[in-house]
Amino acid sequence: MSTTPFHDRDGWIWMDGKLVEWRSANIHVLTHGLHYASSVFEGERAYNGRIFKGTEHSKRLEFSATTLGMKLPYSTAELDAAKQLTLEKNGLTDAYLRPVAWRGSEMMGVSAQANTIHVAIAVWEWPSYFSAEAKMKGIRLTLSDWRRPSPESAPVHAKAAGLYMICTLAKHKAEAEGYQDALMYDYRGYIAEATGANVFIAIDGKLHTPTADCFLNGITRQTAIELARRNGIEVVERHIKPEELANATEVFLTGTAAEITPVGEIGQHRFAPAQICKTVMDAYSDEVRKAPKAVAA
């Protein structure tokens, strides 16, 4: 990925209904979303000029906003059109998209009933989250000290900015120790997910994945489940204990940024990407790049 700072780039960002030059897409320092994490976002990818499951992402943005008590000023169709416009205005076909919505700066304090809800969409070139070399041998994960909270403690099913604070803490520590990411447990001690991706574990020829009852049920996660079953792989959604990693033969992560990324190491456990990983990776690559179905006249 480019090392150019994100605030200092050429291009266009869609912001509150219009395209503005990249460097002009600014907000006030007293914006509520900055101080109190009243912000929701999406991560999406476009392949060959087509935004993969763009409508599903737009609907999830609306769901996340509603969960935080924010009413988006744009419909799903308007968000879809704005994303496509921004992609095309920047001359990109393969790209990452970041829609984000936040409370503005009319009120400063925990309560922000009168604040305007703003929406912006940025797009940029972003290759795979992990390098090709790391993917080939499987990335290394350590175990996070932080745990995913219970649904009674946070809006766990929303893609809300505040929920990623512990992810940044976990990932920074992992990278400082020479790992690429960290595996997080949930508040009960079950395996939950990585810092920005869901996890799948192959045991005895079946694909197991944690029940998404206290973390985001990723759109890529849902796609991977569908593709695995379509290819004859049994998928089991359940609570998974950490000690079950000793029985795993393959592990991979899923997410818009990560796509399908094999894991070679989690703590003391070692894995080797094999047929199940390859099947899901190949199926996903085919799925995101296939041409859209023609619409009947």
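Please read all numbers here as calculations on a predicted model, not as lab measurements.
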Determine whether Asp213 and His239 satisfy the following criterion, side chain to side chain donor-acceptor pair (under 3.5 Å), listing intermediate values before the conclusion. CA-CA 10 Å; Asp213 58 2; His239 294 138; 3.0 Å; yes
Let me check something: any side-chain donor-acceptor pairs from residues 11-21 under 3.5 Å, sequence neighbours excluded? List them with distances.
unit_1 : atom_1 : unit_2 : atom_2 : d
Asp16  : OD1    : Val119 : N      : 3.0
Asp16  : OD2    : His118 : ND1    : 2.7

Quick check on ring pair (Phe, Tyr, Trp, His ring centres under 6.0 Å): which of Trp124, Tyr96, Trp126 does Phe6 satisfy it with? Trp124
Hey, is Asp10 close enough to Arg23 for a salt bridge, meaning N to O under 4.0 Å? yes
Salt bridge between Arg221 and Glu237, side-chain N to carboxylate O under 4.0 Å? yes
Flag side-chain contact, heavy atom, 4.5 Å: Leu79 against Lys59: no
Could you walk me through whether Asn115 and Glu106 satisfy the side chain to side chain contact (heavy atoms under 4.5 Å, CB included) test, starting with their C-alpha distance in whole Å, then the side-chain angles of each, then the deciding distance to 0.1 Å, before giving a yes or no? CA-CA 5 Å; Asn115 288 34; Glu106 287 82 1; 3.7 Å; yes
Contact between Pro99 and His57 at the side-chain level, heavy atoms closer than 4.5 Å - yes or no? no
Within a 6.0 Å radius of atom CG on Asp204, are there more than 12 heavy atoms belonging to other residues, nucleotides or ligands? no
In Å, rounded to the nearest 0.5 Å, how long is the span from CD1 of Ile201 to CD1 of Ile191? 4.0 Å
side-chain hydrogen bond (donor to acceptor under 3.5 Å, both in side chains) partner of Arg60, the single match among Glu42, His157, Glu44: Glu42
Out of curiosity, Leu61 CG to Thr76 OG1, how far, rounded to the nearest 0.5 Å? 9.0 Å
Please name all residues satisfying side-chain hydrogen bond (donor to acceptor under 3.5 Å, both in side chains) with Gln222, sequence neighbours left out, ordered by chain then number. none
Can you get from Phe271 to Ile276 by hopping between Ile, Leu, Val, Met, Phe, Trp and Tyr side chains that sit under 4.5 Å apart? no
Taking the six-membered ring for Trp, are the ring centroids of Tyr164 and Phe41 within less than 6.0 Å of each other? yes
Indicate yes or no: at least one non-hydrogen side-chain atom of Cys214 is less than 4.5 angstrom from one of Ser150. no
